[in-house]
Amino acid sequence: MDYPTLKIVHLVGLVLVFMGLAGVLASKASTDVPFKKRWLFHLSHGVGLLLIICSGFALAYQLGVREVVPGWLKGKMVIWLLAGGSMVLATRFSRFAGSLLIFFALLVLAAAWLAIEKPF
Ligand code: HEM
């Protein structure tokens with residue numbers, strides 16, 4: 001896959017992940033919607049995580065990353081883990097919906113900053 005296409009897949013993945021998180025958060029915050037009615041958001045989150053990690057490593061490979069993984073990429077891996085674990089937060093702590101939305105936005109901001117600035 002060429003570089004621009006991988007970037008599109010990466011961005012679609014990130015949108016799916018955060019749509020999934022926001023969807024679960026909204027359905028838990030309004031009324032406790034049963035899993036049967038919110039599984040699509042869990043699927044969106046899972047597929048998105050898969051797209052992000054696959055396209056992320058493919059992009060890194062095309063940027064010339066081999067044995068030595070730069071700090072900014074390690075940072076993005078941590079953010080990916082946090083985005084994965086965030087489903088637990090969205091499911092269990094929907095009473096803090098406002099704070100969680102800010103936290104999710106900060107994850108995207110940090111990931112984008114690391115990719116674009118590559119500060120370390
Ligand atoms: C939730 C987690 C992540 C988010 C929100 C995210 C978000 C982003 C964004 C917004 C960009 C910038 C795209 C652009 O230049 O227009 C990007 C690029 C990139 N990301 Fe991620 N990313 C995540 C996880 C990862 C992971 C896990 C990896 C690799 C293991 C990765 C590797 C990359 C690479 C290599 C680039 C391209 C940098 C460049 O073109 O110079 N990302 N990501």
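Worth saying up front: this structure is predicted, and the values here are computed from it rather than measured. Note that ligands are numbered from 1 as they come in the structure, with each ligand's atoms numbered from 1 the same way.
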Between side-chain atoms of residues 8-19 and protein atoms elsewhere (two or more places apart, or another chain), which donor-acceptor pairs fall under 3.5 Å?
unit_1	atom_1	unit_2	atom_2	d
His10	ND1	Ile52	O	3.3
His10	ND1	Ser55	OG	2.9

message: Would the distance check show the side chain of Ser27 and the main-chain N or O of Val24 forming a donor-acceptor pair, the cut-off being under 3.5 Å?
response: yes
For residues 108-120, tabulate all N or O donor-acceptor pairs below 3.5 Å that involve a side-chain atom, not counting sequence neighbours.
unit_1	atom_1	unit_2	atom_2	d
Lys118	NZ	Ala115	O	2.7

- request: Determine yes or no for a side-chain-to-main-chain donor-acceptor pair under 3.5 angstrom, with Ser86 supplying the side chain and Leu82 the backbone.
  value: yes
Salt bridge (Lys or Arg N to Asp or Glu O under 4.0 Å) against Lys76, all qualifying residues, sequence neighbours excluded: none
What are the atom names and distances for all N or O pairs under 3.5 Å between ligand 1 and the protein?
unit_1	atom_1	unit_2	atom_2	d
ligand 1	15 (O)	Lys7	NZ	2.8
ligand 1	20 (N)	His10	NE2	2.9
ligand 1	20 (N)	Lys76	NZ	2.6
ligand 1	22 (N)	His10	NE2	2.9
ligand 1	22 (N)	Lys76	NZ	2.8
ligand 1	40 (O)	Tyr3	OH	2.4
ligand 1	40 (O)	Lys7	NZ	3.0
ligand 1	41 (O)	Lys118	NZ	2.4
ligand 1	42 (N)	His10	NE2	2.9
ligand 1	42 (N)	Lys76	NZ	3.0
ligand 1	43 (N)	His10	NE2	2.9
ligand 1	43 (N)	Lys76	NZ	2.4

message: I'd like to know if the side chain of Arg38 reaches the main chain of Val33, judged simply by a donor and an acceptor atom lying under 3.5 Å from each other, with no hydrogens or angles considered.
response: yes
